[in-house]
Amino acid sequence: MHTTIQTLEGSRQQLFIDGQFTAPHSAEYVPSYDPTTGRQWYEFAQADAVDVDRAVRSAQAALVNPAWRRMTQTERGKLVRKLGELVLANADALAAIECRDNGKLLKEMRAQMRAIPDSYLYFAGMADKLQGDTIPVNKLDTLNFNTREPIGVVGMIIPWNSPLMMLTGTLAPCLAIGNTIVVKPSEHATASTLALAELVIEAGIPPGVVNVVTGDGVTTGDALTRHPGIAKYVFTGSTVTGRKIAGNAAQNLVPCQMELGGKSPHVVFGDVDIERAVNGVVSGVFAAAGQTCVAGSRCFVEASVYDRFVEALVERTRRVRVGHPTHEDTDIGPLALASQLDKVETYVASGVQEGARVAAGGQRPARDDLAGGWYYEPTVMTQARNEMRFMQEEIFGPVVGVMPFSGEAELISLANATEYGLAAGIWTRDIDRALRFARDVEAGTVWINTYRSAAYMSANGGTKHSGYGRRGGFEVMREFSRLKNVVIDYSGAMQDPFVIRLR
């Protein structure tokens with residue numbers, strides 16, 4: 001891979017269509033900014049409808065090209081594995097690019113880039129295990145069976161908070177199945193996806209199988225989600241944008257797989273080790289500066305330990321170090337966008353106006369070494385009520401609201417009183433209670449005595465306004481393949497053409 005931070009500095013990044021990097025039809029480029037300084041560091045191409053159409057047509061041609069279509073499942077699996085090996089070989093460079101692009105910690109990005117290849121390896125092994133069924137029917141001389149085939153061209157719109165991790169979760173299985181792909185990364189973090197395109201070439205994946213179009217949602221995203229050549233969409237992002245994409249896709253009767261917003265409940269019962277639970281809550285909401293869909297931003301604490309827990313949480317929060325994302329002692333870096341920083345400040349202010357109290361944080365850090373960057377202190381809000389705006393709407397920043405509860409019935413009512421249903425967490429030593437919570441809470445993923453623990457082997461996704469469809473595990477192979485039924489009559493007998501034969 002040739003792309004590095006040094007080569008990106010001051011550069012113009014192109015589109016990736018049909019196996020080649022190419023200039024945009026509009027000849028327009030958009031600046032990308034370093035969140036640690038707020039200054040521009042490269043430009044990316046602004047794709048328009050013409051570019052999107054070129055990319056989709058390239059993917060359509062690759063889908064039926066014998067070089068891809070007639071490749072055996074085992075051979076496709078080898079290519080997927082090769083791509084994962086190349087990601088591992090370039091892990092440090094990819095981590096540095098994402099750190100610079102979205103402000104996430106370099107140590108976290110390095111860990112992610114070393115974990116991502118395992119996902120490619122897992123789905124590489126799935127490539128020749130996507131099997132059909134033979135179906136018993138009421139005629140002995142009829143063979144009835146199902147096969148699975150690629151669904152077609154998949155349009156992917158990925159977020160800025162963990163671009164390659166989110167892309168891999170769908171790209172790897174789609175490649176293993178034999179689909180082709182058009183990816184639109186977020187306009188706020190495009191560089192790592194374009195760097196991956198270099199590795200796609202190096203892995204030997206045929207031209208047109210993977211295409212990358214960059215640009216904003218209004219132009220590029222809208223053109224992609226309206227294109228009639230897409231068979232299915234994948235989107236990770238806000239519920240508001242998800243509704244728009246689903247509406248566009250519906251015009252072409254195209255299905256979607258969506259992971260949308262979250263306002264996840266993080267629950268602490270009085271029978272746990274307080275220090276351990278505090279660390280879990282801190283990790284669950286402040287990791288990645290709170291810029292994760294599953295952030296445990298509504299913390300419910302059993303009334304009997306509420307005061308003691310809040311005191312410990314505030315003390316621990318004040319020790320969370322805000323700093324430059326490349327420094328080893330940094331716990332949280334900047335927010336990825338200037339607009340996101342403004343949004344976080346607005347939500348904290350609204351909470352105070354509605355009666356909540358800032359117990360820790362609640363402002364930009366007053367440090368010269370962070371001046372100009374989009375930093376915000378980890379923030380604990382007490383005296384919160386579940387109906388407050390900052391407790392109901394996704395902030396996507398390092399802010400947690402804490403409130404007490406009494407009893408499981410009240411807890412479940414509070415936890416489920418939100419339009420979202422992405423994730424939930426509970427800390428308790430009572431396994432019966434934990435399982436009751438897991439049964440009754442409205443969430444696609446439930447963590448017990450842990451939080452943000454993810455595995456590519458397990459399917460995950462949201463409920464309610466947090467989206468639909470599942471990623472991960474074998475379930476995602478079904479999501480992006482199409483079932484076909486085949487019926488063979490081998491009796492050799494003459495048939496009455498006007499009699500319907502029940503199978």
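- Heavy-atom neighbours of K244 NZ from other residues, nucleotides or ligands within 6.0 Å: at or below the threshold of 12.
- Two residues are said to be in side-chain contact when any heavy atoms from C-beta on lie closer than 4.5 Å; Q392 and T418 meet this criterion.
- In this structure R100 satisfies the salt bridge (Lys or Arg N to Asp or Glu O under 4.0 Å) test together with E9, D34, sequence neighbours excluded.
- Under a cut-off of 6.0 angstrom, the local environment of CZ in R39 is sparse, with at most 12 non-hydrogen atoms contributed by other residues, nucleotides or ligands.
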| message | Does S58 form a side chain to side chain donor-acceptor pair (under 3.5 Å) with N211? I'd like the steps, not just the answer. | response | CA-CA 8 Å; S58 171; N211 305 272; 3.2 Å; yes
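- In summary, the side chains of S11 and Q13 do present a donor paired with an acceptor at a separation below 3.5 Å, with no hydrogens or angles considered.
- Side-chain atoms of H188 and S186 form no donor-acceptor pair, as typed in the model, at a separation below 3.5 Å.
- Distance CD1/I201 to CZ/F21: 5.0 Å, rounded to 0.5 Å.
- Around the CD1 atom of I488, the shell of radius 6.0 Å holds more than 12 heavy atoms that belong to other residues, nucleotides or ligands.
- Counting non-hydrogen atoms of neighbouring residues, nucleotides and ligands closer than 6.0 angstrom, the CZ atom of R57 reaches no more than 12 such neighbours.
- When only modelled atom types and interatomic distance are considered, H25 and D48 share a side-chain donor-acceptor pair under 3.5 Å.
- Ionic pairing of E202 and K82 is not present here: no N-O contact between side-chain nitrogen and carboxylate oxygen is shorter than 4.0 angstrom.
- We find that K184 and D222 are not joined by a salt bridge, their nearest charged nitrogen and carboxylate oxygen being 4.0 Å or further apart.
- A donor and an acceptor atom, one from each side chain of S491 and D489, are located under 3.5 Å apart.
- Using modelled atom types and a 3.5 Å distance limit, the side chains of D101 and Y42 yield a donor-acceptor pair.
- A salt bridge is defined here as a Lys NZ or Arg NE, NH1 or NH2 lying under 4.0 Å from an Asp or Glu carboxylate O, and E149 with R482 meets this definition.
- For the atom pair I116 CD1 and M165 CE, the distance stands at 7.5 Å (nearest 0.5 Å).
- No side-chain donor-acceptor contact under 3.5 Å links Y468 and E259.
- The local environment of NZ in K484 is sparse, with at most 12 non-hydrogen atoms from other residues, nucleotides or ligands closer than 6.0 Å.
- In summary, the side chains of T220 and Q46 do present a donor paired with an acceptor at a separation below 3.5 Å, with no hydrogens or angles considered.
- No side-chain donor-acceptor contact under 3.5 Å links R226 and Q251.
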